[in-house]
Amino acid sequence: MRSTAMRTHMCGELDIASVGKTVSLCGWVARRREHGEHLAFVDIRDHSGIMQCVVDNDVDVRSEFVIRVTGLVRARPEGTINSSLTTGMVEIGDCVVEILNSAEPPPFPVDARADDVDEMIRLKYRYLDIRRERMQKNLRVRAQINSAIRKEMETNGFVEVETPFLMPSTPEGAREFLVPSRKEPGSFFALPQSPQLWKQLLMVAGVDRYYQIARCLRDEDLRADRQYEFMQLDAEMSFVSQDDVLENIGRAVVAAAIAVTGEAPPEIERITWHDAMNRFGIDKPDLRFAMELIELTSLFAGTEFKAFAGASCIKGICVDAKTYPEAAAFGRNKLDGLTDRAKKIGAKGLVWMKIGADGAVDSPVAKFLSDSEKSALVSAMGATEGDLLLLVADEWDTTCEVLGQLRNDIGRPPVHQGPYKYVWVTEFPLFIGIDPVSGRPRPGHHPFCQPHPDDMSLFETEPLKVRALAYDLVLNGWELGSGSIRIHEPEMQRRVFNQLGISDEEADKRFGFFLQPFKYGAPPHGGFAFGIDRLAAILAGEENIREVIAFPKTQSGLDPMTNAPTPVDPAHLAELGLRLLPPPASS
RNA sequence: GGUCCCGUGGUGAAGCUGGAGUUCACGCCGGCCUGUCAAGCCGGAGGUCGCGGGUUCGAGUCCCGUCGGGACCGCCA
């Protein structure tokens with residue numbers, strides 16, 4: 001029960017069954033409607049809802065005053081029922097109103113109208129913004145997710161362990177937030193980008209199943225789905241296969257989804273990274289819509305068209321006129337825009353074709369294609385009259401990437417729009433591309449991922465073909481998180497470092513504090529981490545994680561309410577052994 | 001670091017081809033009002049059109065710069 005010394009009920013919980021009770025409610029004045037000296041309606045609001053209070057005497061309460069109302073719950077008179085309120089059948093009569101605190105007029109309406117208010121102003125007065133139903137709901141969605149995850153993880157034998165916030169700076173990965181040391185001037189702690197290091201050590205330590213809903217910090221530019229600070233369900237398990245990890249993390253995600261939506265999402269699909277790239281042109285495919293990439297390389301094997309002849313990979317997407325009437329009917333201007341977009345991503349060009357009656361092909365390049373090529377193309381693409389075809393011929397990765405981007409540009413719905421499509425993307429490549437400076441492969445994920453056992457014969461000869469036991473979880477085109485089976489044997493770790501061009505000495509210098517414990521009996525282990533903010537945003541129906549974070553930063557990394565970050569005085573710096581450089585000269 | 005969009009009383013908007021800080025809705029203050037519910041009616045206050053410069057007889061409007069916000073790219077092993 002939420003009753004306290006000051007109140008008997010929450011505002012939103014009274015209904016027709018409460019009639020006849022004398023109640024006390026506490027909350028904020030949402031609205032008042034005065035009808036002369038002897039009648040006024042005061043709507044009192046708390047996070048649970050709104051209750052109408054009928055005041056017979058004169059009382060001066062204004063918007064957002066904090067009040068306590070005591071009175072008798074009664075059914076509303078015939079014809080005055082408000083069906084848009086859950087409490088609309090009843091009202092409180094014979095009210096005694098106590099003003100607990102007055103309030104200045106708020107800078108914006110504390111209701112749904114503030115959805116349209118400049119976000120900067122909402123953030124400056126976040127304590128008022130959060131008073132609104134939308135934010136109350138969102139924060140509670142988030143709490144439900146955390147709660148459901150904890151319960152599920154604990155049911156499955158995971159132990160919550162808290163890991164340090166102050167840790168050494170590590171050389172790899174995202175930019176870190178640094179914290180100067182007072183006792184060791186000139187030395188710094190780093191704030192964790194993730195508890196990766198700690199959780200693997202906990203496996204060495206025999207914890208067996210660890211989890212934590214952990215705050216992670218990365219000093220990288222902010223986005224709709226990225227903040228400096230974010231929360232992850234971080235987990236690690238010993239003596240497991242990849243399937244064990246996916247099943248356990250999957251259970252937590254499903255539990256969270258059920259807690260919020262009340263229904264289980266469809267089974268989480270699986271797709272390999274290679275298939276995801278081939279079919280959707282991206283490693284975080286949005287499975288809510290089709291427009292899949294269609295393989296056309298062999299179809300144009302003998303073509304006279306120079307842009308296609310000899311291309312190692314030709315693919316196309318079909319913009320279906322029924323589903324995307326606007327895009328399918330793009331004029332020359334828009335098509336040129338798509339071509340520019342394709343070139344920007346790395347394609348040499350973009351071929352567009354409009355399908356007319358009887359499969360006629362209207363395109364600047366139509367004259368270079370034979371009739372049989374055209375008809376084979378139309379049939380391979382499943383195109384019908386009015387459809388727009390977009391084709392790219394290039395290296396496999398460029399072709400996939402460009403069409404995947406165009407597919408998203410044209411077809412992707414807002415991230416929160418149903419149905420929810422969760423998908424595991426597995427078998428990420430161990431290495432991605434060659435570093436132009438070192439001439440060595442670059443790690444696809446991080447250098448501690450276990451290579452796929454089936455690919456070890458290629459490890460030294462064709463490293464770029466080696467898959468990793470690494471996987472992502474994707475929801476509606478947003479990467480929720482990623483994980484892997486980790487390397488637990490020093491010899492395997494050495495082989496990976498060798499491929500990356502990292503010598504034993506260098507590995508010891510850079511990762512020694514991490515690798516040393518592995519000499520003392522590291523169990524085979526693997527884990528995962530996924531972003532709570534992103535999951536909460538999507539399940540709350542928001543397109544932006546700021547809407548599910550109580551006090552977020554703006555895109556420029558500032559807090560309009562506290563004005564953080566702020567300068568500190570020189571004495572404060574001196575204590576830390578710091579001195580500021582002069583501001584960079586503006587040239 | 002880059003591309004694009006936005007900036008007008010407390011809030012949200014309109015302001016056309018340059019012609020007086022003009023308009024609309026909400027909010028605010030005062031008055032009236034005994035069944036309203038984003039109450040209604042009457043009256044009132046409130047703005048250096050983000051900031052700076054330029055063009056012009058004249059700039060919210062056109063140009064340049066700058067600051068702030070947002071979306072995206074880079075970046076996020």
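To find a chain, count down the sequence lines: A is the first, B the second, and so on, and within it residues start at 1.
- Using a 4.0 Å cut-off on heavy atoms, the residues of residues 88-96 of chain A that approach RNA chain B are A:Glu91, listed by number.
- Where stacking is scored as ring centres under 5.5 Å apart with planes under 30°, A:His35 registers as stacked on the base of B:rA39.
- Put simply, A:Thr80 has no side-chain N or O that comes within less than 4.0 Å of OP1 or OP2 on B:rU36.
- Residues A:Pro552 and A:Arg126 have side chains in contact (heavy-atom distance under 4.5 Å, counting atoms from C-beta outward).
- Taken residue by residue, residues 60-71 of chain A places heavy atoms nearer than 4.0 Å to RNA chain B at A:Arg62, A:Ser63.
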Could you go through residues 473-482 of chain A and list every donor-acceptor pair under 3.5 Å that involves a side-chain atom there, pairing it with any protein atom two or more places apart or in another chain?
from	atom 1	to	atom 2	distance (Å)
A:Asn476	OD1	A:Lys421	N	2.9
A:Asn476	ND2	A:Val415	O	2.9

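- When the C1' atom is compared between B:rU48 and B:rG53, the two are found 16 Å apart, to the nearest whole Å.
- Screening A:Gln212, A:Lys199, A:Gln196 for a side-chain hydrogen bond (donor to acceptor under 3.5 Å, both in side chains) involving A:Asp234 leaves a single residue, A:Lys199.
- Taking 4.0 angstrom as the limit, A:Arg33 places none of its side-chain polar atoms (N or O) nearer than this to OP1 or OP2 of B:rG40.
- With sequence neighbours excluded, no residue satisfies side chain to side chain donor-acceptor pair (under 3.5 Å) with A:Thr426.
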Please write out the pairs of protein N or O atoms and N or O atoms of nucleotides 66-68 of chain B separated by less than 3.5 Å, giving the distance to one decimal.
none

Side chains of residues 21-32 of chain A: which donor-acceptor partners sit under 3.5 Å, not counting sequence neighbours?
from	atom 1	to	atom 2	distance (Å)
A:Ser24	OG	A:Thr70	OG1	2.9
A:Arg32	NE	A:Val61	O	3.3
A:Arg32	NH1	A:Glu34	OE2	2.6

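- The side chain to side chain donor-acceptor pair (under 3.5 Å) test applied to A:Ser169 returns A:Glu176, not counting sequence neighbours.
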Heavy-atom protein contacts under 4.0 Å, nucleotides 4-13 of chain B, coded B base, S sugar-phosphate only, - none: ------SSS-
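- Residue A:Asn544 places at least one side-chain N or O closer than 4.0 Å to OP1 or OP2 of B:rA71.
- Side chain A:Arg32 to base B:rC37: no donor-acceptor pair is found below 3.5 Å.
- Within residues 405-413 of chain A, no residue is approached by RNA chain B to less than 4.0 Å at the level of any non-hydrogen atom.
- Pairs of residues two or more places apart, or lying in two chains, that qualify as ring-ring contact (aromatic ring centres under 6.0 Å, His included) and include a residue from residues 40-62 of chain A are A:His35-A:Phe41.
- For A:Glu64, the side chain to side chain donor-acceptor pair (under 3.5 Å) partners two or more places apart in sequence, or in a different chain, are A:Arg45, A:Arg131.
- A:Glu119 pairs by the side chain to side chain donor-acceptor pair (under 3.5 Å) definition with A:Arg546, not counting sequence neighbours.
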